[in-house]
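To keep things clear, I will list the structure first and then write my remarks on it.
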Amino acid sequence: MQGSAPPSGRRAGRRLSRTVTAVAAAAALLPVFGTAHAAEPAQNDTASPLQQAFDAAAQQYRVPQSVLLGVSYMESRWDAHQGVPSVTGGYGPMHLTDARAALEQFPQQGLGDGGDDGRGDDSRPLITHQTAQAPDVAALPADLTTLDRAAALTGRSADALREDPAVNVEGGAALLADTQKSLGEPLSSDPADWYAAVARYSGADDRATAASFADDVFDVLKQGQTRTTDSGQRIVLAADPSLVPATGQAQRVGLPAANAAGTECPPGLGCEWVPAPYQDIGGGDYGNYDKADRPASQKIDTIVIHDTEGYWDTAMQLVQDPTYLAWHYTVRSSDGHVAQHVKTQDVGWHAGNWYTNAKSIGIEHEGFLIDPGTWYTEAMYRSSARLVRYLAAKYGIPLDRQHILGHDNVPGPTASYIPGMHTDPGPYWDWAHYMQLLGAPIHATAGAWGGVVTIDPDFEANQPLYTGCVKAGDTCPAYGSEAVRLYSAPSLDAPLVKDVGLHGATGTSTTGVNDMGARASTGQQYAVAGRQGDWTAIWYLGQEAWFLNPKTQPTAVDSLGLVVTPKKGLASIPVYGRAYPEAAAYPAGVPVQGLFPMPYTIPAGQRYVVGNVVHGEYYYAVTFDTAASHQVVRGKNVYYEIQLGHRVEYVSADDVTLLPSVLGAPH
């Protein structure tokens with residue numbers, strides 16, 4: 001998210017209170033004790049302690065174990081996050097919320113991840129900029145939390161519910177049983193009978209989102225899941241493909257309809273319209289997006305994935321401020337609810353690169369990249385994936401990592417922008433899982449000498465060291481990561497590869513969580529430069545970059561693709577952060593936009609994977625509500641989008657030769 005402003009504690013408190021109220025409205029009941037369900041036998045002694053905790057809690061509160069596991073998977077993917085609270089103040093595998101404790105524990109969340117010019121157009125830089133207020137712990141009502149309710153139902157202490165995963169699971173089971181009873185439903189051993197209670201557990205404040213959450217939980221139950229958690233425990237949820245949930249119970253959840261009029265969302269996804277203001281604010285300034293007529297005027301070819309670096313209510317506050325910035329959608333962490341702010345035909349100010357903005361849709365996700373404990377939830381992943389699938393089908397956008405970019409993959413438009421470009425959603429966003437949810441899983445497409453590798457580490461097992469999550473130099477919590485670290489030689493003792501655009505003349509990269517200079521991301525594709533034992537080299541920012549890729553635990557798969565290499569006779573070629581037209585293409589009245597080389601070059605003999613082919617294009621829109629002055633300038637020059645480093649860049653087709661990757665494979 002651009003600006004990355006601190007969250008508003010009062011607004012965050014209202015969101016948290018709504019989350020809690022949806023569950024806490026259930027009548028106060030004592031825990032109900034019972035025996036194991038015949039349909040769900042108890043786990044044997046070889047099960048992990050957490051799996052046994054799910055079984056014990058299910059028996060104690062007479063909740064079907066599969067329902068308990070399914071709800072927990074949607075809220076936390078069964079992770080405990082080392083006791084760190086989620087972005088909505090939730091703790092443990094069952095995401096029991098305790099807003100006051102969360103903000104007291106981490107009062108500085110939301111300080112941001114980089115620069116703040118979301119428009120990224122040096123022909124019309126931002127003039128005004130607002131920020132939200134820092135969290136106000138005193139403004140959060142202490143009694144409006146699901147964790148407090150779980151404590152009352154179980155007799156367990158708040159500390160135990162926050163810190164002990166087994167106790168946390170017990171608290172979640174008590175809440176589900178309590179909610180089922182309050183809805184007038186029996187404590188049935190049939191998972192199908194728990195649809196309304198699951199919908200209520202989501203904490204959603206509209207019925208479509210609650211139903212969408214429940215639908216996703218029961219989809220998990222049908223398909224089954226197996227996963228190793230962040231504490232190394234194996235959890236198994238057996239598939240139940242014949243399960244048919246009692247969806248008719250949705251009418252009994254008692255939630256209002258959201259204001260969905262005008263939204264562009266797929267059926268069944270909980271969406272609401274929270275419009276960003278298109279407004280003249282005086283002094284030649286306006287906000288907070290630009291009117292357009294896409295795709296009639298310009299093709300939409302990219303979707304950019306962001307995180308908010310702030311709380312939901314803060315994001316809603318900022319996107320409705322005409323002196324701030326606007327993006328198209330925001331996805332809520334706790335329940336996957338979606339708000340749309342800008343029509344997809346219009347151009348949001350979100351990516352920090354005007355060329356990318358003009359061709360893309362921006363989707364924010366509630367969360368903080370610097371802290372894996374703030375949880376990108378399964379509910380959020382699934383809602384986001386459903387939205388992206390819908391948008392990709394509508395606009396013909398390929399579902400691959402060349403067209404579904406992270407904000408951290410968007411190039412700076414010029415060299416001066418590079419140090420301030422944002423780094424979200426960061427190394428803790430599970431790209432492999434997300435691409436699988438999109439229906440485009442990462443897989444090998446070639447043998448060992450296809451000439452290209454696609455980065456694909458095992459997310460849970462891949463835990464490179466990151467620093468700077470709380471303060472400079474500190475070590476971040478060990479957690480799964482989607483990125484591999486790149487070295488200048490095939491050794492963990494070798495220096496990291498350099499990034500002269502990010503770090504200046506020395507180019508010295510670091511292990512900082514926001515340092516993109518020596519990282520390759522899951523799904524990104526690179527041309528192979530060499531192999532040595534357990535190491536693979538790729539071409540990266542004009543240099544050989546080595547990453548550990550052992551056969552026993554590979555971090556990449558072999559692929560085929562198209563690559564470019566400098567034309568014969570050229571010692572090196574420039575790269576660009578935007579694909580603008582040649583000067584002759586600009587009509588009278590539209591200033592010619594400079595095409596400035598970046599501080600990177602591609603030396604002769606190196607190869608880079610092509611992700612897109614485009615003609616030079618520039619959307620001239622620098623005045624408020626003056627349709628006659630908004631023009632799309634199209635050039636004849638052709639550019640290839642390439643994976644140069646962690647970010648994509650552009651090269652002129654006149655400078656390169658296009659080859660099948662296998663022809664460029666080393667021998």
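In this chain, residues are counted from 1 in sequence order.
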(request) May I ask you to test the Tyr576-Pro411 pair for a side-chain heavy-atom distance under 4.5 Å? (result) no
(message) Show, in sequence, the C-alpha distance, side-chain angles and deciding distance for Thr97 and Thr146, and conclude whether the side chain to side chain donor-acceptor pair (under 3.5 Å) test is met.
(response) CA-CA 5 Å; Thr97 54; Thr146 59; 2.8 Å; yes
(request) Measure across Gly412 and Tyr417 and return the closest heavy-atom pair with its distance rounded to 0.1 Å. (result) CA-CB, 4.1 Å
(request) May I ask you to check whether Ser360 and His350 show a side-chain donor-acceptor distance below 3.5 Å? (result) yes
(request) Check Arg634 against Ala585 and note the closest heavy-atom contact, atom names and distance. (result) O-CB, 3.5 Å
(request) Test side chain to side chain donor-acceptor pair (under 3.5 Å) on His433 and Glu378 and set out the steps. (result) CA-CA 10 Å; His433 182 57; Glu378 183 69 7; 2.7 Å; yes
(message) Is a donor from one side chain sitting under 3.5 angstrom from an acceptor on the other, for Thr308 and Glu366?
(response) no
(message) For a quick check under 3.5 Å, do Glu272 and Gln340 share a side-chain donor-acceptor pair by atom type?
(response) no
(request) Take Asp122 and Arg578 through the test salt bridge (Lys or Arg N to Asp or Glu O under 4.0 Å) and record every step on the way to the result. (result) CA-CA 12 Å; Asp122 46 12; Arg578 53 195 184 187; 3.4 Å; yes
(message) Can you give me the closest heavy-atom contact between Pro427 and Val513, atom names plus distance?
(response) CG-CG2, 3.9 Å
(request) Go through the side-chain N and O atoms of His337 and Asp205 and say whether any donor and acceptor fall under 3.5 Å apart. (result) no
(request) Assess whether salt bridge (Lys or Arg N to Asp or Glu O under 4.0 Å) is satisfied between Arg519 and Asp408, documenting all intermediate values. (result) CA-CA 11 Å; Arg519 292 214 299 254; Asp408 51 358; 5.4 Å; no
(message) To check you understand the geometry: which heavy-atom pair defines the closest contact between Val87 and Gly310, and what is its length?
(response) CG2-O, 4.1 Å
(request) Compare all side-chain heavy atoms of Ile300 with those of Gln298 and state whether any distance is below 4.5 angstrom. (result) no
(request) With rounding to the nearest 0.5 Å, note down the distance linking NZ in Lys359 to CG in Asn353. (result) 12.5 Å
(request) Working to the nearest 0.5 Å, report the span between CD1 of Ile418 and CZ of Arg647. (result) 8.5 Å
(request) Nearest 0.5 Å please: distance from the OG atom of Ser384 over to the CD atom of Glu364. (result) 11.0 Å
(request) Compare all side-chain heavy atoms of Asp301 with those of Asn612 and state whether any distance is below 4.5 angstrom. (result) yes
(request) Establish, from distance only, whether the side-chain atoms of Gln402 and Gln643 form a donor-acceptor pair under 3.5 Å. (result) no
(request) Classify the side-chain pair Arg401/Ser521 by whether it contains a donor and acceptor separated by less than 3.5 Å. (result) yes
(request) Flag the pair Asp499 / His646 as yes when at least one side-chain heavy-atom distance between them is below 4.5 Å, and no otherwise. (result) no
(request) May I ask you to decide whether Lys343 forms a salt bridge with Asp346, counting only side-chain N to carboxylate O separations under 4.0 Å? (result) no
(message) Out of the candidates Tyr428, Trp429, Phe368, only one should pair with Tyr376 under the ring-ring contact (aromatic ring centres under 6.0 Å, His included) rule; please name it.
(response) Trp429
(message) Quick one, Ser333 with Met380, criterion side chain to side chain contact (heavy atoms under 4.5 Å, CB included). Give me CA distance, side-chain angles, the key distance, then yes/no.
(response) CA-CA 5 Å; Ser333 174; Met380 185 164 67; 4.2 Å; yes
(request) State the NE2-CD distance between His365 and Glu309, to the nearest 0.5 angstrom. (result) 13.5 Å
(message) How long is the straight-line distance from CG of Asn409 back to NE2 of His422, given to the nearest 0.5 Å?
(response) 14.5 Å
(message) Are the side chains of Tyr618 and Tyr586 in contact, using a 4.5 Å heavy-atom criterion?
(response) yes
(request) Identify the residue among Trp327, Tyr278, Trp349 that makes a ring-ring contact (aromatic ring centres under 6.0 Å, His included) with Tyr289. (result) Tyr278
(request) Examine the side chains of Asp424 and His407 and answer whether a donor and an acceptor come within less than 3.5 Å of each other. (result) yes
(request) Is it possible for you to check whether Arg119 lies under 6.0 Å from the centre of the six-membered ring of Trp354, through NZ or CZ, and within 45° of that ring's axis? (result) yes
(message) Is a donor from one side chain sitting under 3.5 angstrom from an acceptor on the other, for Asn514 and Thr423?
(response) yes
(request) Determine whether the side chains of Ser297 and Tyr619 contain a donor N or O and an acceptor N or O closer than 3.5 Å. (result) no
(request) State which residues pass side chain to side chain contact (heavy atoms under 4.5 Å, CB included) with Ala385; sequence neighbours excluded, sorted by chain then number. (result) Arg389, Tyr434, Leu437, Leu438
(message) Is there a side-chain contact between Ser123 and Val622 in this structure, where contact means two heavy atoms from C-beta onward sitting under 4.5 Å apart?
(response) yes
(message) Measuring from atom CE of Met516 to atom CG of Leu541, what distance do you get when rounded to the nearest 0.5 angstrom?
(response) 11.0 Å
(request) Cation-pi check, Arg124 to Tyr286: give yes when NZ or CZ is under 6.0 Å from the six-membered ring centre and within 45° of the ring axis, no otherwise. (result) yes
(request) With the side chain counted from C-beta on, respond yes when Val304 and Ile363 share a heavy-atom pair under 4.5 Å apart, and no when they do not. (result) no
(request) Would you confirm whether Tyr639, through its side chain, and Tyr580, through its main-chain N or O, come within 3.5 Å as a donor-acceptor pair? (result) yes
(message) Suppose we call two aromatic rings close when their centres sit under 6.0 Å apart. Are Tyr650 and Tyr355 close by that rule?
(response) yes
(request) Considering non-hydrogen atoms only, spot the tightest contact between Leu255 and Arg207 and give its length. (result) O-NH1, 3.4 Å
(message) Measuring centre to centre across the rings, with the benzene-like ring taken for any Trp, is His630 within less than 6.0 Å of Tyr620?
(response) no
(message) For Lys394, is there an ion pair with Glu264 - N to carboxylate O distance below 4.0 angstrom?
(response) yes
(request) Mind checking side chain to side chain contact (heavy atoms under 4.5 Å, CB included) for Ala208 and listing every partner two or more places apart, or none if nothing turns up? (result) Asp206
(request) Check the pair Thr377, Met74 against side chain to side chain contact (heavy atoms under 4.5 Å, CB included), reporting the backbone distance first and the verdict last. (result) CA-CA 7 Å; Thr377 67; Met74 283 292 290; over 6 Å; no
(message) Under a plain distance cut-off of 3.5 Å, with no hydrogens placed, do Thr88 and Tyr311 share a side-chain donor-acceptor pair?
(response) no
(message) For a 4.5 angstrom cut-off between non-hydrogen side-chain atoms, does Leu369 reach Pro425?
(response) no
(request) Give the intermediate values and the outcome of side chain to side chain contact (heavy atoms under 4.5 Å, CB included) for residues Ile303 and Leu391. (result) CA-CA 9 Å; Ile303 295 174; Leu391 295 170; 4.0 Å; yes
(request) Check Ser202 against Ala210 and note the closest heavy-atom contact, atom names and distance. (result) OG-CA, 3.8 Å
(message) Pairing donors with acceptors under 3.5 angstrom, does anything connect the side chains of His81 and Ser86?
(response) no
